[in-house]
Peer 1: 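Sharing a structure here in structure tokens format.
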Amino acid sequence: VIDMEQRLAASETSLDTPLNDAESGTSLGDMMADPSPSPELMLETAHDQQLIQKHMAAFAEQLAGRDKVIFEQRLIADEPRTLQEIADEYGLSRERVRQIEEQIKKKLKAYLLAVFKDTDVLAISFGDE
């Protein structure tokens with residue numbers, strides 16, 4: 001508590017405050033770390049995303065019929081169709097489409113974990129852990 005009181009009582013310092021030599025033009029703010037990600041991290045992230053997209057496409061090729069439709073139009077679509085729309089198309093109940101969707105998610109999880117078992121590319125949560 002005493003430590004925090006001392007911190008809060010201390011005067012504020014502007015980030016524009018010049019450092020030792022006013023002629024150098026260097027301020028305290030110039031010494032702060034850049035919060036944006038490094039170019040190396042951005043490149044690594046882009047590479048990982050491409051790799052995941054490649055394997056997602058390979059997974060989709062293993063699916064057929066309504067499973068493929070549900071995967072493409074529900075799980076990876078920018079604007080997913082509703083369960084009811086797909087149910088009407090195949091003459092199923094909404095609940096049955098949801099069950100099929102859950103089975104596809106489990107298959108996808110197993111597939112991606114097998115593909116990326118020795119890497120740290122998969123830093124995604126599957127919700128049931």
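Just so we're clear, the structure is a prediction, and the values are computed from it rather than from any experiment. Just so you know, these numbers use all the heavy atoms, side chains as well, and skip hydrogens, waters and symmetry mates.
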Peer 1: For E79, which residues count as a salt bridge (Lys or Arg N to Asp or Glu O under 4.0 Å) partner, sequence neighbours excluded?
Peer 2: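 Not a single residue meets the salt bridge (Lys or Arg N to Asp or Glu O under 4.0 Å) criterion with E79.
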Peer 1: Between E72 (side chain only) and V69 (backbone N and O only), is there a donor and an acceptor less than 3.5 Å apart?
Peer 2: no
Peer 1: How far does CG of L112 sit from CD1 of I52, to the nearest 0.5 angstrom?
Peer 2: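 The distance works out to 7.5 Å.
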Peer 1: Measuring from atom OG1 of T82 to atom CD of Q73, what distance do you get when rounded to the nearest 0.5 angstrom?
Peer 2: 10.5 Å
Peer 1: Name all residues meeting the salt bridge (Lys or Arg N to Asp or Glu O under 4.0 Å) criterion together with E102; count only those two or more places apart in sequence or in a different chain, and write none if there are none.
Peer 2: K105
Peer 1: For the pair L108 and M56, evaluate side-chain contact (heavy atoms from CB on, under 4.5 Å) and give the outcome as yes or no after the intermediate values.
Peer 2: CA-CA 8 Å; L108 176 62; M56 293 281 280; 3.6 Å; yes
Peer 1: Can you tell me how far the CD1 atom of I70 sits from the CD1 atom of I104, to the nearest 0.5 Å?
Peer 2: 5.0 Å
Peer 1: Working to the nearest 0.5 angstrom, can you tell me the gap between D48 CG and L43 CG?
Peer 2: 9.5 Å
Peer 1: For the side chain of R74 and the backbone of R81, is there at least one donor-acceptor N/O pair under 3.5 Å apart?
Peer 2: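 Yes, R74 side chain to R81 backbone: donor-acceptor pair under 3.5 Å.
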Peer 1: Under the side-chain hydrogen bond (donor to acceptor under 3.5 Å, both in side chains) rule, collect the residues that match up with R96, sequence neighbours excluded.
Peer 2: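 Q99.
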Peer 1: Could you tell me which residues satisfy ring pair (Phe, Tyr, Trp, His ring centres under 6.0 Å) with F71, sequence neighbours excluded, listed by chain and number?
Peer 2: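 Counting only residues at least two positions away or on another chain, F71 forms a ring pair (Phe, Tyr, Trp, His ring centres under 6.0 Å) with F59.
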Peer 1: Say you draw a straight line from CD of Q50 to NE2 of H47; how long is it, rounded to the nearest 0.5 Å?
Peer 2: 7.0 Å
Peer 1: Kindly write out the residues that satisfy side-chain hydrogen bond (donor to acceptor under 3.5 Å, both in side chains) with Q84, not counting sequence neighbours, or none if the list is empty.
Peer 2: D88
Peer 1: Could you list all the side-chain hydrogen bond (donor to acceptor under 3.5 Å, both in side chains) pairs where at least one residue sits in residues 53-67, not counting sequence neighbours?
Peer 2: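 The answer is none; no pair qualifies.
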Peer 1: If two hydrophobic side chains count as joined below 4.5 Å and joins carry through other members, does L51 share a cluster with M42?
Peer 2: no
Peer 1: Quick one: pull up CG in L92 and CD1 in I86 and give me the separation to the nearest 0.5 Å.
Peer 2: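 Those atoms lie 10.0 Å apart.
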